[in-house]
Amino acid sequence: MKSEPDVYSIDDLHRDGREMWDSIRNYQARNMMRDDMRIGDEIFFYHSSCKVPAIVGISRVCSEPYPDPVQFDKTSRYFDPKSSKDSPRWILVDVEFVRKFDRAITLTELREQPGLDGMILMRRGNRLSIMPVSDEHWDLILTLE
DNA sequence: GCCAACGTTGGC
DNA sequence: GCCAACGTTGGC
């Protein structure tokens, strides 16, 4: 899961313990939270749109999927007038802090790993803020820490 | 600040 | 249902 550190960083999650992953307005990302995530699933926490884009730690899914309350908040820029409580369009999960890496594993470094070829994160122009990571890639990335 | 790569919107 | 125009993301 990507997050802009200026908006919400791994340190913020460490401080808060857990966080509702709200305001995601992309159908693919929503589908992953709604359909693919299970309580206990571990997540790489990635800092994006910043000086050194990098995987900086691990978080974990800690709720069932449920409707994003922000979609009903008229004062929010993420308010969705086409959504309704009867059939909410945007679904999210809560995530909890697991640990922060001793050092950030930078995108540059990840690109240098031949074993990570084909990772969705590395695709040019990739804009997905939530994406699956294969077991092989997960294990390989952990050896880089 | 630039620009590639998408996703979304809306006219037809 | 197509597709052009536009908006957003995010690395560089």
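Each chain gets a letter, A, B and so on, in the order the sequences are listed, and its residues count up from 1.
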Margin query: Let's go through A:Asp16 and A:Tyr8 carefully: what are the C-alpha distance in whole Å and the side-chain angles of both, what is the deciding distance for side chain to side chain contact (heavy atoms under 4.5 Å, CB included) to 0.1 Å, and is it a yes or a no?
Written below: CA-CA 11 Å; A:Asp16 298 337; A:Tyr8 200 80; 2.6 Å; yes
Next item on the list: Would you give a per-nucleotide map of nucleotides 4-12 of chain C, 5' to 3', where B means the base has a protein non-hydrogen atom under 4.0 Å away, S means only the sugar-phosphate does, and - means neither?
Entry: ---BBBBSS
Check: Taking only residues two or more places apart in sequence, or in another chain, which ones meet A:Arg127 in a side-chain hydrogen bond (donor to acceptor under 3.5 Å, both in side chains)?
Finding: none
Next item on the list: Kindly assign one of parallel, tilted or perpendicular to the pair A:Trp21 and A:Phe45, based on the angle between their ring planes and the thresholds 30° and 60°.
Entry: perpendicular
Checklist line | Non-hydrogen side-chain atoms of A:Ile39 and A:Glu64 separated by less than 4.5 Å | finding: yes
Next item on the list: Could you tell me whether the side chains of A:Ser83 and A:Gln71 share a donor-acceptor contact shorter than 3.5 Å?
Entry: yes
